[in-house]
Amino acid sequence: MENQNSSFQYWMPVRILFTEAEPDIREEIAGESIVIVTDPFLYESGVAGRTGDRLGNADVSYFSKVEPNPSTDTVNACASMIREHEAKTVIGIGGGSSMDTAKAAACLASSGGVIGDYAGKGKSFGKRTVRLILIPTTAGTGSEVTNVGVYTDSETGEKRPVVCPEFYADLAVIHPKYTYTMPRSVTANTGMDAFCHAIEAYWNLNSQPISDSFAVQAMKLILDNLLTAYRLPEDGAARENLCTASLLAGLAFGQTRTTGAHVLSYPLTARYHVPHGTGCAITLPAFIRISAEKAGKKMQTLAEALGYIDVEALADGVCDLMRSLEMPVALREIGAKAEELSGIAKDAMNYYPQLSLTPAFMTEETVFDMLKSIY
């Protein structure tokens, strides 16, 4: 098949527990000291506390300062807490920010140093000795089954992706009811983030049959269920299907990495402080259109599998879905100015190895032209 490797491997060491019942993970804990990593909302609302309360007599501490697009300072502070408490188990509960923070902090607790030693400077983590359990409360990031984390440099504001085999969790626990209380905007953003994961894995120059099958199924589930969950937050079937889609998308892009839509999200979220899902999705229809440059047949197959006549119709359909989700579809809607587009295109070139996985001609000039087309 076009745009698919004839030789490939698939490696997924994470044990996955998908459960309708409130998860009981007492038997999964190592040691008596546990650090739960979460964000202020989940801590104050008691969601994280309920997980801690179910751990019996364990000594549970909470790191609850995780912010959206977690900073390197936050990761370092979390690692310091883990070391201070000599924790043997770290549980990340929340969205991608909490899980990414837990991944890096658990590894730092084992390997020492600060995240800046590893993010962007080439140093490799040693073997993680702290047990890592990840529990998503959103349906979108897929972070619970990937070996990727993204961190914002506290000094420069730049996004620093880290890919590390030690970031794979020992256990991922997916409980759809944890997603029922997501605000509508979070449902929209995380759902579109998952769609980006899936389609970027599918058209990726690293694509392969296993990731393709997960990606296509994820996209179908999102198109069939995201708007329902957005409008009817307690629709159990829609929530469960979106959790499944997020998981499948994570299993797909965890093998291939992401491409242009995620690369452009780095400068867009840094410059305009939009949610990660918005930063990815706002360029997605444009990337769908240009993906035919190097993956025309494969993208036509996808369009038909998703119920569209061709790639242009698929791009239009994604754009219509985003409007229904009340998400921006033009760069001016997030505050971008025309004179800033060239700088955004230049910023994208800092991530060229990832950008080059897109099935189109990716140069600073072509990225600039694409950005102009959606201004």
Side-chain angles (χ1 to χ4, degrees), residues 67-69 95-97 138-142 150 152 157-159 182-200 203 219 222-223 225-231 233 242 245-246 249 258-291 306 308 311-348 351 355 358 360 362 366-375:
E67 73 275 42
N69 303 307
S97 295
T138 64
T141 71
V150 181
T152 301
E158 294 181 3
K159 291 292 188 72
M182 280 194 295
R184 280 159 45 104
S185 62
V186 177
T187 296
N189 272 278
T190 55
M192 287 308 301
D193 186 23
F195 192 89
C196 289
H197 290 154
I199 199 167
E200 290 178 76
W203 71 37
M219 284 184 271
I222 292 165
L223 291 177
N225 292 277
L226 180 53
L227 195 55
T228 299
Y230 180 75
R231 292 172 173 168
L242 286 180
S246 175
T258 50
T259 63
H262 269 72
V263 167
L264 266 295
S265 78
Y266 302 152
L268 293 178
T269 55
R271 286 170 178 257
Y272 308 112
H273 307 290
V274 294
H276 172 71
T278 292
C280 295
I282 197 167
T283 61
L284 183 59
F287 272 111
I288 291 173
R289 297 182 206 284
I290 66 173
S291 67
L306 297 180
Y308 295 94
V311 176
E312 285 292 323
L314 172 59
D316 290 341
V318 170
C319 204
D320 290 342
L321 174 60
M322 290 171 62
R323 288 193 181 97
S324 297
L325 296 169
E326 300 176 89
M327 295 179 69
V329 296
L331 292 172
R332 67 172 68 88
E333 295 177 38
I334 62 172
K337 296 179 172 57
E339 60 268 23
E340 296 169 338
L341 302 185
S342 60
I344 296 170
K346 184 176 181 180
D347 288 346
Y351 307 94
L355 181 66
T358 310
M362 292 284 98
T366 60
V367 172
F368 175 63
D369 289 342
M370 188 199 71
L371 292 172
K372 286 195 299 183
S373 74
I374 58 172
Y375 177 70

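Worth knowing before you read on, the calculation uses all heavy atoms, side chains too, and leaves out hydrogens, waters and symmetry mates.
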Problem set entry | Any donor-acceptor N/O pair, T138 side chain to T190 backbone, under 3.5 Å | no
Exercise. Roughly how far, to the nearest 0.5 Å, is the CG atom of L223 from the CZ atom of F195?
Worked result: 4.5 Å
For this session: Over all heavy atoms of both residues, which pair between A348 and V367 is shortest? Give the atoms and the distance, please.
Result: CB-CG1, 4.5 Å
Exercise. Side chain of H276, backbone of N69: donor and acceptor closer than 3.5 Å?
Worked result: no
Exercise. Which distance, rounded to the nearest 0.5 Å, do you find between the NE2 of H262 and the NE2 of H197?
Worked result: 3.0 Å
Seminar exercise, completed: One should read off an interatomic distance between I374 CD1 and L264 CG, to the nearest 0.5 angstrom, of 7.5 Å
Exercise. OG1 of T278 to CE of M192: how many Å apart, nearest 0.5 Å?
Worked result: 9.5 Å
Please list, one pair per line, the donor and acceptor atoms closer than 3.5 Å that link side chains of residues 337-346 to other protein atoms, with sequence neighbours excluded.
from	atom 1	to	atom 2	distance (Å)
E340	OE1	Y272	OH	2.6
E340	OE1	K337	N	2.9

For this session: Mind running side-chain contact (heavy atoms from CB on, under 4.5 Å) on V274 and N189 for me, showing each step along the way?
Result: CA-CA 10 Å; V274 294; N189 272 278; over 6 Å; no
Problem set entry | Point-to-point distance, once rounded to the nearest 0.5 Å, from CG of D347 to CZ of R271 | 4.5 Å
For residues 316-326, please give each side-chain donor-acceptor pair under 3.5 Å, one per line with the distance, not counting sequence neighbours.
from	atom 1	to	atom 2	distance (Å)
D316	OD1	R289	NH1	3.3
D316	OD1	R289	NH2	3.0
D320	OD1	R323	NH1	3.4
S324	OG	D320	O	3.2
E326	OE2	R184	NH2	3.1
E326	OE2	Y230	OH	2.4

Seminar exercise, completed: For P328 and I334, the nearest pair of non-hydrogen atoms, with its separation, is CG-CG2, 3.6 Å
Exercise. What heavy-atom pair brings G279 and T269 nearest, and what distance separates the two atoms?
Worked result: CA-CG2, 4.3 Å
Exercise. If you look at every heavy atom in A194 and S246, which pair is closest and at what distance?
Worked result: CB-CA, 4.2 Å
Problem set entry | Shortest non-hydrogen separation from S373 to A286 and the atoms involved | OG-CB, 4.4 Å
Exercise. About how many Å separate CD1 of I222 and SG of C196, when rounded to the nearest 0.5 Å?
Worked result: 9.0 Å
For this session: Heavy atoms only: give me the nearest S97-P68 pair and the separation to one decimal.
Result: OG-CA, 3.6 Å
